[in-house]
2 protein chains.
Amino acid sequence: MAVKSAATRELLVTTALRMFREQGYEKTTMRGIAAAAGVSTGNTYYYFESKDDLVHELYKSLQDEHRARALPQLRDGINLGEQLRTILQTGVDVMGPYHDFGSNFLQVAIKPSSKVSPFGDEAAVARGKSIALFKQAVTVSRPQPPYAIREDLPELLWLGYMAVTLFWVYDRSPNQRRTRALINNAAPLAARLVILSRLPVVRKIVEDVVHLVRSAKQ
Amino acid sequence: MAVKSAATRELLVTTALRMFREQGYEKTTMRGIAAAAGVSTGNTYYYFESKDDLVHELYKSLQDEHRARALPQLRDGINLGEQLRTILQTGVDVMGPYHDFGSNFLQVAIKPSSKVSPFGDEAAVARGKSIALFKQAVTVSRPQPPYAIREDLPELLWLGYMAVTLFWVYDRSPNQRRTRALINNAAPLAARLVILSRLPVVRKIVEDVVHLVRSAKQ
DNA sequence: ACTCCTTTTTGAACGTGTTCAATCCATAGT
DNA sequence: ACTATGGATTGAACACGTTCAAAAAGGAGT
């Protein structure tokens with residue numbers, strides 16, 4: 001039965017993701033998903049704890065696609081600003097079809113109890129995957145970022161990515177033009193800031209910021 | 001009838017805020033609020049569009065209390081770091097009783113359609129009030145922040161405040177000890193950064209950041 | 001073929017936020 | 001006093017997410 005069971009689960013995920021994409025979060029009801037998949041309402045709850053759990057599936061799916069699209073573009077020798085631009089623009093591309101869904105997505109993500117919460121324990125794996133993307137960018141970029149912050153940089157950049165995502169949610173311009181413009185400006189700026197962290201004065205501040213973020217992580 | 005109508009509204013707000021504080025967001029039901037206030041369920045919807053609308057009332061109430069408590073403490077001649085510490089710590093104090101409620105609060109706030117959304121149009125008034133607090137801090141602090149950024153500083157500080165609030169939501173330590181520690185570290189750091197923005201190299205970056213934030217606002 | 005146990009599936013039921021036609025009630029105008 | 005008007009109030013009804021006891025379907029051992 002294991003194979004058929006897995007098929008039911010897969011069918012539910014596919015159906016749910018399609019309906020999320022086509023109708024948004026609210027109009028996609030648990031009854032609707034079940035009906036479209038040809039199973040009973042209650043059966044969905046055998047495979048998924050809640051509606052939010054299905055959003056978690058969407059989250060993981062997007063994450064995988066983001067990684068698959070961005071990673072091959074992170075080539076050796078390109079400067080950090082360009083690498084960042086690639087990661088962020090790819091992220092916006094992948095999330096694009098779900099933009100109307102965006103706020104609901106955040107809404108689910110924001111609750112600490114949620115599996116999707118980017119800061120929670122449950123999503124640690126997914127977060128790690130995302131940070132790994134930035135780690136790769138840092139590793140292959142030339143010139144190399146200063147050694148002093150190389151270790152903490154991926155996490156800091158990821159935090160910036162979260163901020164951009166927040167901006168994206170509220171961006172109502174067609175095709176999220178404004179978010180793309182923001183990325184084009186912010187990516188080289190961040191890269192320039194990284195370079196500047198070599199200067200003694202700036203370095204002191206950067207060290208303090210890094211220390212702050214570290215201690216905030218407990 | 002106008003006076004009695006206002007009384008009903010006030011009674012509902014008071015009841016709802018008390019129940020939010022005592023039982024949290026989910027356990028406080030619209031039926032429960034109506035019953036505790038001695039009116040019918042439907043009547044609540046005559047005065048408030050939705051449950052979230054009642055959260056908006058809570059938001060405004062907290063905002064007013066924050067302002068009332070923080071403003072008198074912003075005295076002339078104190079340095080910016082201390083002023084910031086005062087504002088942020090007072091904010092945590094005011095929100096304290098609602099900490100369990102915090103994530104639900106954010107959840108309501110995050111949706112662009114929501115009245116409470118800190119970035120939305122509806123909450124522009126409330127946001128303005130909050131930013132005014134930082135404007136006051138900037139105005140009375142000695143030494144004065146560099147002229148070049150004085151105008152944009154309140155808004156930037158407010159953004160930092162939003163970040164701290166986000167941290168607060170996820171802070172499970174008793175009495176939000178970790179958030180308070182974060183504030184004690186971050187406030188002087190921010191102040192030091194402001195001072196540093198006088199240096200030509202840093203100033204260039206700061207200008208770019210300010211420009212970025214400005215253009216992001218449309 | 002039959003039994004026993006586990007995995008999977010069902011659909012009714014509960015409590016929720018919200019809507020709405022109907023009703024009540026206070027007041028102004030006559 | 002009577003009535004018309006519009007604000008205030010009601011409570012049943014709807015669709016939703018979720019739960020759960022019960023039924024069905026599978027599979028293993030004999």
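FYI, side chains are in, hydrogens and waters are out, and symmetry mates aren't considered; it's all heavy atoms of this structure. Naming: A, B, ... by sequence-line order, numbering from 1 per chain.
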Consider only side-chain N and O atoms of B:Y59 and B:D64, and report whether a donor and an acceptor are under 3.5 Å apart.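 There is no such pair between these side chains.
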Can you see whether B:D171 engages B:S173 through a side-chain donor-acceptor pair at a distance of less than 3.5 angstrom?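 Judged by distance alone, the side chains do pair up.
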Taking atom [atom2] of [N] as reference, at what distance in whole Å does atom [atom1] of [X] sit?
X	N	atom1	atom2	result
A:Y45	D:dT19	OH	C1'	9 Å
B:L12	D:dA8	CG	P	13 Å
B:E26	D:dG17	CD	P	15 Å
A:K51	C:dT16	NZ	P	19 Å
A:L54	D:dG17	CG	C1'	12 Å
A:M19	D:dG17	CE	P	10 Å
B:Y25	C:dT16	OH	P	13 Å
A:R9	C:dT9	CZ	P	13 Å

With a cut-off of 6.0 Å (strictly less than), are more than 12 heavy atoms of other residues, nucleotides or ligands near CD of A:E151?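 Result for CD/A:E151: open.
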Candidate list B:T14, B:T28, B:T29, test side chain to side chain contact (heavy atoms under 4.5 Å, CB included), partner B:M19, passing option: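 So, applying the side chain to side chain contact (heavy atoms under 4.5 Å, CB included) to B:M19 and each of B:T14, B:T28, B:T29, only B:T28 qualifies.
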Testing B:V206, B:V210, B:L153 one by one against B:S197 for a side chain to side chain contact (heavy atoms under 4.5 Å, CB included), which residue passes?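 The single option meeting the side chain to side chain contact (heavy atoms under 4.5 Å, CB included) with B:S197 is B:V206.
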Go through the steps to decide whether B:Y47 and B:V13 satisfy the test side-chain contact (heavy atoms from CB on, under 4.5 Å), and finish with yes or no. CA-CA 10 Å; B:Y47 293 100; B:V13 171; over 6 Å; no
At 4.0 Å (heavy atoms only), tell me whether B:T44 reaches a base, stays on the sugar-phosphate, or touches nothing.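 If one applies the 4.0 Å heavy-atom cut-off, B:T44 turns out to touch nothing in the nucleic acid.
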Could you tell me whether B:T41 contacts a base, only the sugar-phosphate backbone, or nothing, with contacts defined as non-hydrogen atoms closer than 4.0 Å?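 Since a base atom lies under 4.0 Å of B:T41, the category is base.
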Check whether any side-chain nitrogen or oxygen of [X] sits under 4.0 Å from OP1 or OP2 of [N], and answer yes or no.
X	N	value
B:N43	D:dT10	yes
A:T29	D:dA15	no
B:Y46	D:dA8	yes

Just how far is it from atom CD of A:E65 to atom CE of A:M95, taken to the nearest 0.5 Å?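 A:E65 atom CD to A:M95 atom CE measures 11.5 Å (nearest 0.5 Å).
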Could you measure the distance from the CZ atom of A:F20 to the CD atom of A:E26? Nearest 0.5 Å is fine.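 Between atom CZ of A:F20 and atom CD of A:E26 there are 10.5 Å.
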Cation-pi check, A:K51 to A:Y25: give yes when NZ or CZ is under 6.0 Å from the six-membered ring centre and within 45° of the ring axis, no otherwise.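 Output yes; distance and angle both within limits.
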Report the nucleotide, chosen from C:dT8, D:dT9, C:dT18, that has the shortest atom-to-atom distance to any side-chain atom of B:Y47.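 The listed nucleotide nearest to B:Y47's side chain is D:dT9.
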Quantify the bending of the helix from C:dA1-D:dT30 to C:dT30-D:dA1 as the angle between its end axes, each fitted on five pairs, to 10°.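 The helix from C:dA1-D:dT30 to C:dT30-D:dA1 shows an end-to-end axis angle of 20°.
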Tell me, which of residues 30-38 of chain B have any heavy atom that sits under 4.0 Å from an atom in DNA chain C?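 Nucleic-acid contacts, sorted: B:M30, B:R31.
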